[in-house]
Amino acid sequence: QVQLVESGGGLVQAGSSLRLSCAASGRTFVAYAMAWFRQAPGKEREFVAGISRSGGGTYYADSVKGRFTISRDNAKNTVYLQMNSLEPDDTAVYYCACGSVPSALVRVYIAWGQGTQVTVSS
């Protein structure tokens, strides 16, 4: 069973950058596609970005395309989310997840981290 631990969240001003990290335990990290989701208060969890097992394929929600970059380091069992030009609407708890494919569907993912809070002030 894979365990995921996110880090890197915080309180920043609009226009700033943050980099989130998600460290995975276990020896099967390379077997999984990875993704980042986020959930704002009163809203459903939404897909942010996904990456294939090799890292060769990346996918983004329209709302973050051009501002966020997902990447992974399979040697370090870690997936990253570089977030630039942050906006107040990006405020949410950010979760990483692993699954068989980098889908936008929550039900595809078999393990989730505990989440890290990102707050963007205007």
task = Check step by step if side-chain contact (heavy atoms from CB on, under 4.5 Å) holds for Ser21 and Glu6.
result = CA-CA 6 Å; Ser21 299; Glu6 302 98 334; over 6 Å; no
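Under the disulfide (SG to SG under 2.5 Å) criterion, no residue pair touches residues 45-92, with sequence neighbours excluded. Applying the salt bridge (charged side-chain N to carboxylate O under 4.0 Å, His left out) rule to pairs touching residues 75-89 yields Arg67-Glu87, sequence neighbours excluded. Among residues at least two apart or in separate chains, there is no disulfide (SG to SG under 2.5 Å) pair with a member in residues 28-65. Within the structure, disulfide (SG to SG under 2.5 Å) pairs that include any residue of residues 27-70 do not occur (at least two apart or interchain). Evaluation of the disulfide (SG to SG under 2.5 Å) test over residues 85-122, restricted to residues two or more places apart or in two chains, returns Cys22-Cys96.
Take Tyr60 and apply the side-chain contact (heavy atoms from CB on, under 4.5 Å) test, not counting sequence neighbours, and it matches Ala49, Thr58, Val64, Lys65, Thr69, Ile70. Among residues two or more places apart in sequence or in another chain, the side-chain contact (heavy atoms from CB on, under 4.5 Å) test is passed with Gln3 by Ser25. Taking Ala14 as the reference, Pro88, Val120 meet the side-chain contact (heavy atoms from CB on, under 4.5 Å) condition, with sequence neighbours excluded. Applying the side-chain contact (heavy atoms from CB on, under 4.5 Å) criterion to Ser52, with sequence neighbours excluded, gives Ser54.
For the pair Thr28/Val2, a side-chain contact is recorded, criterion being any heavy-atom separation below 4.5 Å from C-beta on. Residues Val93 and Thr116 form no side-chain contact, since every pair of their non-hydrogen atoms from C-beta on lies 4.5 Å or further apart. A heavy-atom distance below 4.5 Å is not found between the side chains of Arg19 and Met83. Contact annotation: the side chain of Arg53 never approaches that of Phe29 to less than 4.5 Å [non-hydrogen atoms, C-beta and beyond].
Between the side chain of Gln117 and the backbone N or O of Gly9, no donor-acceptor pair lies under 3.5 Å.
Shortest non-hydrogen contact noted between Ser17 and Ser85 is OG-N, 4.3 Å. In terms of heavy atoms, Pro102 sits closest to Tyr59 at CG-CE1, 3.4 Å. The nearest pair of heavy atoms linking Ala40 to Ala92 is N-CB, 3.8 Å.
In this structure, CG in Leu20 is found 12.5 Å from OG1 in Thr78, a value given to the nearest 0.5 Å. For the atom pair CZ of Phe68 and CG of Asn84, the computed distance is 8.5 Å after rounding to the nearest 0.5 Å.
Residue Leu86 is grouped with residue Val48 when hydrophobic side chains (ILVMFWY) are merged at heavy-atom distances under 4.5 angstrom, including chains of intermediate members.
When Leu81, Leu11, Leu18 are each tested for a side-chain contact (heavy atoms from CB on, under 4.5 Å) with Val118, only one passes: Leu18.
Other members of a hydrophobic cluster containing Val5 are absent, since no ILVMFWY side chain comes under 4.5 Å of it, directly or through relayed contacts.
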Hey, can you pull the donor-acceptor pairs under 3.5 Å for the side chains in residues 105-112, sequence neighbours left out?
| residue | atom | partner | partner atom | Å |
| --- | --- | --- | --- | --- |
| Tyr109 | OH | Ser103 | N | 2.9 |
| Tyr109 | OH | Ser103 | O | 2.4 |

When the side chains of residues 30-39 are checked against the rest of the protein, which donor-acceptor pairs come out under 3.5 Å, sequence neighbours left out?
| residue | atom | partner | partner atom | Å |
| --- | --- | --- | --- | --- |
| Trp36 | NE1 | Tyr80 | O | 3.4 |
| Arg38 | NE | Glu46 | OE2 | 2.6 |
| Arg38 | NH1 | Asp90 | OD1 | 2.9 |
| Arg38 | NH1 | Tyr94 | OH | 2.9 |
| Arg38 | NH2 | Glu46 | OE2 | 3.2 |
| Gln39 | OE1 | Arg45 | NE | 3.3 |
| Gln39 | OE1 | Arg45 | NH2 | 3.4 |
| Gln39 | NE2 | Lys43 | O | 3.1 |

